[in-house]
Structures are given as C-alpha cells and as structure tokens.
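Shown next, in structure tokens, is the structure this report addresses.
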Amino acid sequence: MLLTVFLPLALAIIMFSLGLGLTLADFRRVLLRPKAFAIGAASQLILIPIVAYALAVIFNLPPELAVGIMILSLCPGGVTSNVLTKYGKGDLALSISLTGIISLVAVATVPFLVAFFADRFMGLDAPAVDVTALGLSMFLITAVPVILGMLLRGFASGFAQTIERAVEKIALALFVIVVVGAVATNWRLLVENLYALGPVVVILNVLLLALGLGLARLFSLSRDEATAISIETGIQNATLGITVGSLIVEQASALPPFSLPSGVYGITMYVVSIPFVLWRRRLAG
C-alpha cells in the first residue's frame with residue numbers, strides 16, 4: 001500500500017502544492033534575471049551529482065546505496081526548499097522559478113541518469129531500468145500535478161489562494177508520513193547501514209549548502225539570491241527520491257535500498273538546514 005498507492009499520491013499532492021504557488025510570471029523572471037537562474041540551474045543539474053558521486057566513491061558505499069545517493073542528487077528542490085527560502089528571507093521568486101523549471105526538466109533527465117548510474121555502480125547486478133516507463137511515471141506524478149496546480153492558479157486565482165495553505169499543510173503531513181513510513185519499514189536495513197550512510201547524507205547536505213552559497217558569492221549575486229541558490233542547491237526533494245527508488249524495482253513489497261538514502265536524508269536535512277536558514281534570516285535583519 002505504501003509503495004503502490006500512498007507514496008505516488010503523496011508526491012502528486014506535494015507537486016500540486018508546488019504548482020499552486022507558480023505563475024507564468026515566475027518563468028518569465030528567468031529571462032529577466034538569467035545570471036542568477038543559470039547559476040542556480042547549473043548548481044542543481046551539474047554540481048550536485050558531481051559532489052554526490054564523489055562522496056559515494058570516497059565512502060565506498062554499497063552499490064545499491066550509491067545508486068540511491070545518485071537518485072537523491074538528481075532530484076530538484078521541491079516545496080521544502082521554497083518554504084526554507086522564504087523563512088530565510090531569500091529570493092523566493094528565484095527559488096520558485098528554479099524549483100518549477102528543474103522539476104519539469106527532471107522528468108526528462110532523471111530516467112536516463114538513473115539508468116547510467118545504476119550501470120556504473122552495479123554493473124550486471126543493476127536493475128533493468130525502463131527509461132520510458134520511469135519517465136512516464138515521473139511525468140504523471142510530478143509534471144501533471146504541477147501543471148494542474150498552475151492552471152488552477154491561473155483560472156481560479158481566488159480559490160487557489162484560498163486552498164493553497166491547506167494543501168501545503170497536507171503536503172507537509174504526507175511528506176512526514178512517507179519519510180517515517182520509509183524508515184520504519186526498513187529499520188533493520190537502516191541500522192545496518194547507518195554508519196556508512198548517515199555521514200554521507202549529512203556531509204552532502206552541508207557541502208551543497210556551502211558550495212551553493214560560495215558559487216553565488218563568486219558571481220557577485222545579492223544576499224537574497226545567494227540564500228535562494230544555496231538552499232536550492234542544498235535541499236533535495238526526498239519524497240521524489242524515495243518514489244524513483246521504488247519505481248525502478250518491479251513488484252517491491254517493501255521500500256528498496258535505492259530509496260533508503262532519500263528516506264534518511266528526509267530527516268537529516270532539517271537538522272542541517274534549519275541552523276543555516278536561521279543564520280541567513282538573522283543576516284537579513
């Protein structure tokens with residue numbers, strides 16, 4: 001039930017919540033501020049997978065967990081990054097634009113890259129990733145809800161704004177349930193791999209927040225833009241990572257190891273990111 005019904009439904013509602021906060025104006029801002037967007041997009045599409053790959057190799061993770069780390073690294077920010085950016089007084093419009101566009105791009109890029117990294121780390125033991133089926137599944141549970149949310153926002157703005165906060169709360173509650181359920185159903189596997197996996201996801205989170213901030217400063221972006229890019233770089237959509245990890249295993253009765261890094265990360269990212277967000281908020285005054 002968790003894998004076949006609740007997990008896809010939870011992700012769809014989370015992505016619908018994201019769509020409710022998006023307008024066409026958010027996408028037009030990309031043309032008006034190409035420098036900040038390009039840096040943020042490069043961080044998400046290039047920097048994050050490179051750092052994740054390096055950590056998987058350095059820590060010599062078991063092949064399935066290494067693939068799971070790469071799946072996590074390929075996921076965009078999600079609603080959580082937007083909320084944290086807002087609380088940290090970062091550039092919310094930039095954060096939303098990055099999340100929305102990269103979420104749509106991920107539908108095309110993630111299936112191919114998951115297949116590539118599965119082959120790289122597991123070789124002959126790699127699962128047979130059906131790129132077309134995975135892309136279609138991602139489109140249905142991520143892109144379609146985002147588009148529906150945007151359409152509702154565009155054609156029934158008043159109603160969308162009325163339900164937006166409630167949907168956000170539901171999305172947050174579902175996220176918590178998914179992560180807790182993922183960890184609980186794989187508690188033994190988690191304990192067995194915690195020593196290897198825990199430090200990796202924490203270091204990944206810390207490094208990406210720092211690198212995102214450093215990259216923004218290197219290109220002389222404003223404080224609020226730097227905050228947004230840092231959080232978008234450092235915060236991944238753990239629910240999407242859990243879902244993709246489960247989608248590449250046919251008829252899985254329990255959450256597979258491919259999803260475990262995202263499940264652990266879904267908890268540790270708050271421990272790492274909240275002090276950072278509070279620091280950025282304090283700097284903003």
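Both I147 and F155 belong to a single network of hydrophobic side chains, linked directly or stepwise wherever heavy atoms of I, L, V, M, F, W or Y lie under 4.5 Å apart. In this structure, V271 is not a member of the same hydrophobic cluster as I274, with clusters built from ILVMFWY side-chain heavy atoms closer than 4.5 Å.
Within the model, atoms CG of L65 and CG of N60 stand 11.0 Å from one another, a figure rounded to the nearest 0.5 Å. For the atom pair CD (E225) and CZ (R217), the distance works out to 13.5 Å, reported to the nearest 0.5 Å. Here CD1 of I229 is found 6.5 Å from CG of L98. Values are rounded to the nearest 0.5 Å. Once rounded to the nearest 0.5 Å, the distance linking CD1 of I267 with CE of M269 reads 10.0 Å. Summarising the geometry, atom CG belonging to L207 is positioned 12.0 Å from atom OG1 belonging to T233; distances are rounded to the nearest 0.5 Å. Here L61 contributes atom CG and L55 contributes atom CG; the two are 8.5 Å apart, rounded to the nearest 0.5 Å.
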Q. Taking it one step at a time, do L74 and T109 satisfy side chain to side chain contact (heavy atoms under 4.5 Å, CB included)?
A. CA-CA 8 Å; L74 299 174; T109 59; over 6 Å; no

Q. Would R280 and L213 satisfy side chain to side chain contact (heavy atoms under 4.5 Å, CB included), going step by step from the backbone distance to the final call?
A. CA-CA 11 Å; R280 299 303 294 178; L213 187 61; 3.8 Å; yes

Q | Residue pair F16, L152: steps toward the side chain to side chain contact (heavy atoms under 4.5 Å, CB included) verdict | A | CA-CA 10 Å; F16 177 72; L152 184 61; 3.8 Å; yes

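Among residues two or more places apart in sequence or in another chain, the side-chain contact (heavy atoms from CB on, under 4.5 Å) test is passed with V201 by I69, L197, V264, Y265, T268. For F121, the ring-ring contact (aromatic ring centres under 6.0 Å, His included) criterion is met by Y53, not counting sequence neighbours.
Nearest heavy atom pair, residue G234 against residue N205, reads O-ND2, 2.8 Å. Of all heavy-atom pairs between A238 and G266, the closest is CB-CA, 3.8 Å. Scanning all heavy atoms of the two residues, the minimum distance from L247 to S137 falls at CD1-CB, 3.9 Å. Across all non-hydrogen atoms, the minimal contact from S273 to I235 is CB-CD1, 3.7 Å. Contact between L94 and A36 at its shortest, heavy atoms only, is CD2-CB, 4.0 Å. Residues P49 and Q44 share a closest heavy-atom pair of CD-O, 3.7 Å.
Side chain of S259 to backbone of S246: a donor-acceptor contact under 3.5 angstrom is found. The closest donor-acceptor contact from the side chain of S230 to the backbone of G212 lies at 3.5 Å or more, if one exists at all. Side chain of T243 to main chain of T239: a donor-acceptor pair is present (N/O by atom type, distance under 3.5 Å, no hydrogens or angles). No donor-acceptor pair closer than 3.5 Å links the side chain of S17 to the backbone N or O of I13. Formation of a donor-acceptor pair under 3.5 Å by the T142 side chain with backbone atoms of M138 is found in this model.
Within the 4.5 Å cutoff, side-chain heavy atoms of N237 are placed close to those of M15. By the 4.5 Å heavy-atom criterion applied to side chains, M70 and P261 are not counted as neighbours. Here the side chains of L20 and I163 are in contact, with some heavy-atom distance below 4.5 Å. Under the 4.5 Å side-chain criterion, counting only non-hydrogen atoms from C-beta, P76 is not in contact with T99. A heavy-atom distance below 4.5 Å is found between the side chains of T80 and Y270. Contact of the L221 side chain with the D91 side chain is not registered, since no non-hydrogen atoms from C-beta on lie closer than 4.5 Å. Residues F258 and V114 are not in side-chain contact: their nearest non-hydrogen atoms beyond the backbone lie 4.5 Å or more apart.
With a 6.0 Å radius and a threshold of 12 heavy atoms from other residues, nucleotides or ligands, Y87 has its OH atom at or below the threshold. Shown here is K35, whose NZ atom has more than 12 heavy atoms of other residues, nucleotides or ligands within 6.0 Å. Other residues, nucleotides and ligands place more than 12 heavy atoms under 6.0 Å from the NZ atom of K89.
The side chain to side chain donor-acceptor pair (under 3.5 Å) test with S81 is passed by exactly one of E232, Q236, K86: E232.
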